[in-house]
Trainee: 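Structure provided below as structure tokens; questions to follow.
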Amino acid sequence: MKFVIDDLEVIFPYKFLYKEQLEYMQALKQTLDEKGHGILEMPTGTGKTVSLLALIIAYLAQRPNSVKKLIYCTRTVVEMEKTLEEVRLVLKARKAEGLNDNFTAVGLSSRKNLCINPDVVNQKDRVDAECRRRTAEWVKRGQSETCIFYENYEKSAKETIANLPNDVYSLNDLRKNGAYSVQCPYFTAREMIKKANIVVYNYLYLIDPAVSSQLSKDQIKESIVVFDEAHNIDDVCIEAYTVRLNKPILAEAINNLKVVETQIQSETNEIQNRLNEEYKKLIKNLENKPQGELNQMVIPGQIRKARNFIDFMKRVINSLRKKLKDNSEALKTSHAILHNTKGFTEEIQKEGNLDIDSLKQCGERLNLLLNTLQIAETDKFRPLSSVAQFVMYLVQYQEGFKVIFQSNNYEGTLNEKLMTLACFDSSLAMKNIFAQFQSVILTSGTMSPIEIYPKILDFKPVVAKSIDIELTRNSIQPIIVSMSEDGTELTSEFTLRNNEDVSRNYGNFLLELSENVPDGLIVFMPSYSRMEEWARQWQKDKYLEQISKNKVLFIESKDVTETSQKLQQYRKCCDVGRGAALFSIARGKIAEGIDFEGHYGRCVAVIGFPALNSKDTLILERCKFLEEKFKITKNDFIEFDAMRQTCQCLGRVLRGKQDYGIMIMADKRFAQKSKLQKMPRWIYKQLDQSRCLNITSETAITVVRDFFRQMAQPFKIADNSYFTQDTL
Amino acid sequence: MELEGNTKFNEYEEKIRNHQVNGHNYQQDKLHQKKESDAQFLIAQNPLIMRNLLIIIDITRSSKIGDFKPSRLAVALQFLPAFIEQFLECNPLSQIGIAVAEEYRCKTILDFTSSSVNIKQYLSTIHSINEAGFSMAACLQTALHVFSTTQLHAQSSILVVTTSTYSDDKLDLNEWSEKCKSAAIQINVISFTGSINQLIKITQATDGQYLCPLNEFQFSQEIQKFVSPQESKNHMIITQLVKIGFPQKLIVSQPTLCQCHLEIVYNFYKCPVCYSKVCSPPLLCPICSTWIVLPHQILRSDGSNTLGVFEITNDGLDHVCSGCLEPTTVIHSTCERCKNFFCLDCDILIHSKFKVCPGCA
């Protein structure tokens with residue numbers, strides 16, 4: 001269908017346009033018109049992506065002077081594929097309307113997802129390294145095995161890309177094209193994103209400093225950047241800037257250095273020549289720099305020579321090791337030790353006799369050296385690059401970082417002392433993006449309270465809007481259960497964790513639920529440890545046995561492949577009418593990005609309040625930082641984080657207007673007013689305050705029974721909630 | 001059956017006597033009643049002569065739940081007899097069987113019969129069990145087994161009264177629903193718990209209905225929808241010659257065993273072919289497979305050909321009602337076929353009970 005917003009002609013690929021979609025598009029257009037950034041919240045499963053794409057594509061076509069490109073960032077590969085399919089749909093609709101516009105859309109993912117070389121692709125975790133080994137700059141003239149796809153790409157990439165018709169290239173298309181023309185799809189895609197007007201890729205390609213410097217540096221300013229499912233973008237930002245080191249990593253780094261050193265000292269002419277060449281190049285760069293502008297891009301003299309640089313890195317690692325050792329002693333008595341970045345830098349400098357400029361540039365220098373030495377196995381050298389990254393961030397950014405020593409388990413090492421350079425400032429990563437691009441749109445199903453995002457990401461949105469959903473029937477039913485049948489409180493509070501009554505009451509409640517919910521039931525719990533505790537108790541009291549009579553029981557595990565297999569089985573069980581229950585973690589993989597449409601998710605129960613562990617040093621420090629900088633109190637932040645996680649879990653259940661589902665929050669803390677205010681409007685509106693707030697589990701079961709009977713009645717979407725071509 | 005009709009008739013007479021004093025209101029009331037009975041009559045009009053209905057009742061643990069008062073099973077058993085009575089009345093050549101779904105299996109407790117007394121008797125013996133484990137596939141398996149003995153020209157349908165939120169199958173449900181579909185068995189479900197996706201799919205595949213009543217009253221209303229046959233798109237119409245016998249009714253003073261249910265009876269019908277004793281036509285003679293029916297049952301089940309809705313005529317003239325042979329006043333109706341006049345009382349009675357126009361007959 002075709003319609004006009006203000007003076008923009010939008011072509012929408014469906015026959016119906018819901019009211020909230022129109023509202024969403026209007027808000028979006030306002031943002032684009034003002035060339036600013038925006039935050040938009042719209043409930044899940046209401047066609048957010050398609051309305052966004054339809055409007056932006058129309059905008060790109062009709063205002064070619066003001067915007068030139070759309071960069072759409074998704075969280076997962078599956079979402080990326082879905083988005084590309086939607087783009088295809090929109091473009092097809094435009095073509096059907098007789099519009100002749102030249103859009104090229106391309107998706108970019110890692111080598112792992114795009115590689116088609118049969119020798120490489122089967123190696124799973126080693127795909128990256130194997131690919132580099134075959135495709136690095138020096139290999140082609142060398143003697144080791146090469147990748148035929150890459151060679152062909154090198155030869156004729158430019159013309160092939162220029163000749164490609166305007167179309168949508170999903171990962172599958174890229175692979176197919178690559179197989180047909182025997183060219184590497186990964187590199188083709190990387191080349192294509194420079195030319196394409198619609199690019200879809202992962203968050204990290206923009207946010208992670210290491211990746212974005214390579215990939216996104218030559219993006220044009222007149223672009224629209226969209227972050228889909230952006231509700232925990234701040235966590236992603238912080239994680240991108242956080243570096244962790246421990247003793248084994250440092251030892252590995254030393255080993256790496258040794259490898260590099262032996263290579264440098266080897267007498268072969270070739271390597272010496274290359275090193276000399278590199279040195280000359282660096283000096284030349286120095287000469288070419290314009291006068292008066294001695295910016296950071298210049299590699300300082302101290303580390304310009306390879307040998308000097310190795311020495312320098314050795315000193316860096318040694319001083320870090322010493323620091324770790326010193327602090328390990330102190331960790332025996334305390335939980336965690338904090339250091340200010342400034343003091344820590346000074347100490348390191350003194351320890352190893354290092355200068356700041358060299359520290360700033362050591363990451364750059366390391367990459368250069370590895371390239372010169374033709375070392376392809378970058379994954380083997382990751383410890384060394386993490387060290388370089390660590391010191392780089394340490395020196396570069398003063399505020400918002402802390403060095404934390406902890407004794408906890410990280411990556412399978414038992415009781416190893418861990419040194420973390422923790423980033424607390426989520427605005428750091430976004431700052432570049434907000435400056436670099438004309439419009440940045442953050443959008444998600446659950447972004448409430450919407451005022452908090454501009455604060456923690458430090459930007460001024462021109463539009464911040466929460467759009468409501470219009471439901472013909474009450475197809476979602478939020479229920480807050482705060483008591484069990486006998487009147488004891490239902491809560492996952494830390495102080496009551498050993499209370500057997502609580503877990504028994506929860507078990508009883510779940511048993512009742514499993515008996516009364518048809519098809520799929522999803523249960524979210526606060527953490528793995530809590531789930532294990534409860535499961536043990538339920539096993540003992542025979543609750544699990546009884547639940548499994550009503551539903552087939554699945555439990556999420558930390559293993560990704562196992563979980564995805566379980567999900568498949570879960571869907572199968574729902575399909576055959578047996579019904580299934582899925583126990584998962586509120587912060588796990590299932591809570592994010594996996595949809596339970598239709599009968600796969602008829603009820604979501606969040607058992608216990610999924611608050612962050614407020615005893616954790618990292619989180620404590622982050623709260624402190626937020627309080628200092630943005631005046632957000634610790635309680636506020638923890639509540640905000642828990643509620644957005646909860647709502648994300650709850651949002652799994654509703655995927656469209658025909659869909660329906662129950663949302664149960666079983667903890668007395670959900671009934672507090674401060675928590676209720678942090679719920680998205682579309683959920684809060686559906687909460688029947690007199691009937692569903694603060695009730696016992698018995699009453700809740702009655703509500704559940706009534707709800708499912710109500711929803712089984714035949715139903716048709718009300719005419720006034722959508723537009724057709726005629727009614728517009 | 002005639003006896004029952006007579007008692008009803010007496011009730012009507014009593015009502016007429018009581019209401020005579022109300023005058024105008026009485027007429028309005030009657031008109032309204034006529035409308036209702038006509039509507040009911042039109043629904044019940046069916047082109048199919050024979051229907052076989054198997055009612056499967058879920059008696060697993062969830063049937064004890066008390067959200068329907070006093071319990072889900074009790075509500076089902078409370079309203080089923082009335083439904084069965086009406087079903088047999090509207091579909092005179094039809095039969096009903098009863099089965100219960102237990103733990104992972106399904107047991108027939110009563111073979112196809114058309115005696116409502118018999119069915120009611122068996123219904124009252126049903127009790128809830130304590131185990132969970134309702135299995136739809138087991139139900140379908142049993143149904144297929146039961147329907148394999150019935151004639152092909154009859155429309156076969158299942159009515160599952162389920163109280164569970166799942167179908168815990170040891171067999172492949174899809175396989176058995178496919179078999180049901182190819183055997184042209186219509187599957188209907190009336191559920192106490194809400195919609196189960198897979199069951200809805202099965203009912204849709206076989207042109208059945210999936211109903212979900214909200215409360216006790218609605219249960220009694222919704223179950224009426226199964227009285228009239230549903231349109232089925234994939235039902236293969238098999239036409240074949242059927243051997244029919246009109247039995248002779250006998251009343252004896254000494255108890256005899258009937259051949260169909262092996263029960264002691266005093267009044268029975270005698271098969272005209274093999275002289276075996278059967279208790280409640282219509283049924284298939286268990287000895288010689290003759291279809292034993294009473295004449296009025298055939299007449300009524302083919303009722304659309306002989307009986308139509310009567311037109312209301314308000315000509316102000318006095319006529320003699322062809323039903324009760326009494327003069328009618330003011331409002332009366334005419335049969336389209338025989339042009340006889342009837343008073344409203346007789347009209348209602350004919351359409352709701354007799355299904356035969358006395359004038360045409």
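Below, all heavy atoms of this structure are taken into account, side chains as well, without hydrogens, waters or symmetry copies. Letters A, B, ... mirror the listed sequences (proteins, then strands); counts begin at 1.
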Trainee: Tabulate, in ascending numerical order, the residues of residues 692-700 of chain A having at least one heavy atom closer than 4.5 Å to a heavy atom of chain B, or enter 'none'.
Mentor: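 No residue falls under the 4.5 Å cut-off.
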Trainee: More than 12 heavy atoms of other residues, nucleotides or ligands under 6.0 Å from CZ of B/Arg105: is that the case?
Mentor: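 Not more than 12 within 6.0 Å, no.
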Trainee: Please state whether the side chain, the backbone, both or neither of B/Thr193 comes within less than 4.5 Å of a heavy atom of chain A.
Mentor: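 Answer is backbone: N, CA, C or O of B/Thr193 sit under 4.5 Å from chain A.
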Trainee: Taking atom types as modelled, find out whether A/Thr488 and A/Asp501 have a side-chain donor-acceptor pair closer than 3.5 angstrom.
Mentor: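 Side chains of A/Thr488 and A/Asp501: no pair found under 3.5 Å.
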Trainee: Report yes or no: is the cationic atom of A/Arg571 (NZ for Lys, CZ for Arg) under 6.0 Å from the centre of the six-membered ring of A/Phe596, at an angle within 45° of the ring normal?
Mentor: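 A/Arg571 over A/Phe596 ring: yes.
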Trainee: Relative to chain A, which segment of B/Gln218 carries a heavy atom at a distance below 4.5 Å: side chain, backbone, both, or neither?
Mentor: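 Only the side chain of B/Gln218 comes within 4.5 Å of chain A.
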Trainee: What option among A/Ile701, A/Asp519, A/Asp706 has the most heavy-atom pairs under 4.5 Å with chain B?
Mentor: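 Option with the top pair count is A/Asp519.
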Trainee: Using the side-chain contact (heavy atoms from CB on, under 4.5 Å) criterion, which residues pair with B/Ser63? Sequence neighbours excluded.
Mentor: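 B/Leu73, B/Ser128, B/Thr163.
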Trainee: Less than 4.5 Å to any heavy atom of chain B: does that hold for the side chain of A/Glu515, its backbone, both, or neither?
Mentor: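 The answer is both parts of A/Glu515.
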Trainee: Classify the angle between the aromatic ring planes of A/Tyr660 and A/Phe707 as parallel (below 30°), tilted (30 to 60°) or perpendicular (above 60°).
Mentor: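 It falls in the perpendicular class, over 60°.
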Trainee: Quick check: do A/Val517 and A/Ile662 have side-chain heavy atoms less than 4.5 Å from each other?
Mentor: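 A side-chain contact is absent here, since even the closest heavy-atom pair is not under 4.5 Å.
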Trainee: Please look at B/Leu214 and chain A and tell me whether the side chain, the backbone, both or neither of the residue comes under 4.5 angstrom of a heavy atom of that chain.
Mentor: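 Interface part for B/Leu214: both.
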Trainee: Taking side chain as everything from C-beta outward and backbone as N, CA, C, O, which of these in A/Val704 sits under 4.5 Å from a heavy atom of chain B? Side chain, backbone, both or neither.
Mentor: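 When you check distances to chain B, no heavy atom of A/Val704 falls under 4.5 Å.
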Trainee: I'd like to know which of B/Leu211, B/Asn215, B/Leu199, B/Asn197 tops the heavy-atom pair count under 4.5 Å against chain A.
Mentor: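 Option with the top pair count is B/Asn197.
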Trainee: Which word best sums up how the rings of A/Tyr722 and A/Phe16 line up, parallel for under 30°, tilted for 30 to 60°, or perpendicular for over 60°?
Mentor: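 Ring orientation of A/Tyr722 relative to A/Phe16: perpendicular.
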Trainee: Going by the angle between their ring planes, with limits at 30° and 60°, are A/Trp534 and A/Trp538 parallel, tilted or perpendicular?
Mentor: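 Rings of A/Trp534 and A/Trp538: parallel, under 30°.
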Trainee: Report the C-alpha distance between B/Ile57 and B/Leu123 in whole Å, list the side-chain angles of each, state the deciding distance to 0.1 Å, and finish with yes or no for side chain to side chain contact (heavy atoms under 4.5 Å, CB included).
Mentor: CA-CA 10 Å; B/Ile57 302 167; B/Leu123 274 182; 3.8 Å; yes
Trainee: Which atoms of B/Ile65 are under 4.5 Å from chain A, going by heavy atoms: the side chain, the backbone, both sets, or neither?
Mentor: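 It is the side chain, since no backbone atom gets that close.
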Trainee: Tell me which of these, B/Pro213, B/Gly194, B/Ser195, has more heavy-atom pairs under 4.5 Å with chain A than the rest.
Mentor: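 With the most close heavy-atom pairs to chain A, the winner is B/Ser195.
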Trainee: Are A/Lys566 and A/Phe554 in a cation-pi setup, meaning NZ or CZ lies under 6.0 angstrom from the ring centre and within 45 degrees of the ring axis?
Mentor: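 No; the conditions do not both hold, so A/Lys566 does not lie above the ring face of A/Phe554.
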